[in-house]
Chemist: 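Submitted below is the structure of interest, expressed as structure tokens.
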Amino acid sequence: MKFGILVNEGPYQHQASDSAYQFAVAALAKGHEIYRVFFYNDGVNNANKLTEPPQDDRNITRQWSALAAAHNLDMVVCVAAGLRRGIKAEILAPGFNISGLGQLIQAGIEADRLVVFGD
Amino acid sequence: MKFGILVNEGPYQHQASDSAYQFAVAALAKGHEIYRVFFYNDGVNNANKLTEPPQDDRNITRQWSALAAAHNLDMVVCVAAGLRRGIKAEILAPGFNISGLGQLIQAGIEADRLVVFGD
Amino acid sequence: MSGTQAGEGGNSKVKRFMIVNRKAPYGTIYALEALEVVLIGAAFDQDVSLVFADDGVYQLKKGQQTKDIGQKNFSPTYRALGDYDVEKLYVERESLQARGLAPEDLLVPVRVLGSTELSVLMEEQDVVLSF
Amino acid sequence: MSGTQAGEGGNSKVKRFMIVNRKAPYGTIYALEALEVVLIGAAFDQDVSLVFADDGVYQLKKGQQTKDIGQKNFSPTYRALGDYDVEKLYVERESLQARGLAPEDLLVPVRVLGSTELSVLMEEQDVVLSF
Amino acid sequence: MAVLHTTNKSPLQTRDLESCLRLTRPGCGILLLEDAVYGALKSAEGSDMLAEAAKDRRIYVLGPDLAARGFTPEELIAGVTVVDYGGFVDLVAEHHHVQAWV
Amino acid sequence: MAVLHTTNKSPLQTRDLESCLRLTRPGCGILLLEDAVYGALKSAEGSDMLAEAAKDRRIYVLGPDLAARGFTPEELIAGVTVVDYGGFVDLVAEHHHVQAWV
């Protein structure tokens, strides 16, 4: 089955991005396809490559980048939400792409299920 | 009177930073001193100089920078909270400084009142 | 990305998208950014409907004056939704009543539904986006 | 910045700082980052106390196992607070009761206070930091 | 000097105002700002809880937040004072300290 | 195919679960994750509301979130099913669509 995932909160402050990541890992482990992960609202902050949490904590941005690399995930950061919050090409972590909100609608159209993670 | 201000949420997603800014403007207009504005939790995201909201919207980061320039405000971004969220020197807007959490305690000690803006 | 082929206005698949608004405006950004999703959904020729429930009904309150909080008043956009062929606006009756509001207090004409009717409508959707 | 002169352990002014925790752990970061404020407050030789009320009492629940959510279990830090001379931990009785919890369910010894006593204590502070 | 409490959530959405009222005492001040202003509307369910509290506490509403949300001071419960940001600053200065119920 | 609803807030803190129950119908599935897992504890005030809902809806609790918060499946109200992330994925696949009560 094809899943779309929408992440509406940034890393750490809320669990939303962690939950979305665990869901994505589990879906891939079960042989499902992730059609796209779309980052909107503060979710765009997940794509900031400068994040450097304490050594004994998870690095959420790097987790997403690694998952994208391993499974050829399409991870899209909303351009408008990103501009508003200062998430631009110069600080974009590997695996994330900046594109329009239409990519969220497209995910809704093409995926069999769209799962929302927010606050 | 000397005020300290603590901002615990990033720009736009929550009104906290807007409210803190309006409070700071009003306090200065009444002749009070702002001892320090401390940005903690997602509040560190207010210091991202790359933010570029739509033209008809306020630019919260630039508002803070301008207020700091006009009134010689001490605006401190928590280093640990900032590292975790990718707010580092290379994207720090004018007027913000990165320092330790001790600066928040110090503000609590030195200011007559500490006002918290969060979610 | 297969999605990029099907451009605005030229999409062959049409799904029922529902955007659910349960939060008040200005205290958080969700109301504003949900509205942007609605407009794009309409531009992609999808069957878009909006629900306002709980504090989300406050998004439609007439008379919003945001000058003194320094935020943009985006409530006129709800009035422009018709221009984008977004005409399915539903408000939950129980949420309105709990807030002592009547349809006349709202910026735009809406269909007021009881919670049971609304829950049926929600079940009939293909994609539900909650903000 | 006059504040930078007074370093850790050498501060002449001592204020009563209260850190108020009203949110559950893991769902949001507030519990964890509040704890960092507590440790720094103690390092600055301030009179630091902690309050746990509402879902904040869940921060102290024994038996937290976070491996499967991929987050660090920071609850052992509450046990280490004594090493930093942070000994004033207060829990609201009404919040505990609403959650069916008893002091034995908590990781550390705390003082359980009724809401009236607790409100008096809050009023006696100089600085209250809420997370 | 009494304590000033601030709260910023709609009581129709969260229980923060309830907790604030349970854990504060007569004589204190409570300022409703941001989405909390909805809690002081006569028309909204549950505002009787705040009306009761107004008997022995001073309740303030941040006017700019009220106006932003499309309501006027006339729509508030009795015994509530509307202030602007300058009034907020004055309240902070006049009270011993401020506690946020976020 | 029924609808799956997810909710992630503690019902002792917000009214999201209340709204979810009011606006969903018998036959649907409701998955409690993150802080919402507290709502299914026998010991917690208000879990009778969920116990009532469990009579005609399937209630699921995300086990990893429950364990993180220091509780075990034995402490949940009757009629609730604990799932892991894989089970969450299965639930999404088995239902017609998912609606989040965030």
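Side chains included, hydrogens not; waters and symmetry mates left out as well; all remaining heavy atoms used. In what follows, chains are A, B, ... by sequence order, proteins preceding strands, each numbered from 1.
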Chemist: Once ring-ring contact (aromatic ring centres under 6.0 Å, His included) is applied, do any residues pair with A:Phe3, and if so which ones, sequence neighbours excluded?
Modeler: A:Phe23, A:His32
Chemist: Are more than 12 heavy atoms, taken from residues, nucleotides or ligands other than A:Asn72, located less than 6.0 Å from that residue's CG atom?
Modeler: no
Chemist: Any residues in residues 38-46 of chain A near chain B, with a heavy-atom distance under 4.5 Å, and which are they?
Modeler: A:Asn41, A:Asp42, A:Asn45
Chemist: So does B:Arg58 have more than 12 non-hydrogen atoms from other groups sitting under 6.0 Å from CZ?
Modeler: yes
Chemist: In a check of side chain to side chain donor-acceptor pair (under 3.5 Å) between A:Arg84 and each of B:Asp57, B:Thr51, B:Asn59, which one passes?
Modeler: B:Asp57
Chemist: Side chain, backbone, both or neither: which part of A:Ile91 has an atom under 4.5 Å from a heavy atom of chain B?
Modeler: side chain
Chemist: Mind checking the CD-CZ spacing from B:Glu52 to A:Arg85? Nearest 0.5 Å is all I need.
Modeler: 14.0 Å
Chemist: Under a 4.5 Å cutoff for heavy-atom pairs, which residue among A:Pro11, A:Gly86, A:Ala81 has the most contacts with chain B?
Modeler: A:Gly86
Chemist: Does a side-chain heavy-atom distance below 4.5 Å link B:Glu90 with A:Glu90?
Modeler: no
Chemist: Go through B:Asn48, B:Asp119, B:Ile87, B:Leu83 and name the one with the most non-hydrogen pairs under 4.5 angstrom from chain A.
Modeler: B:Leu83
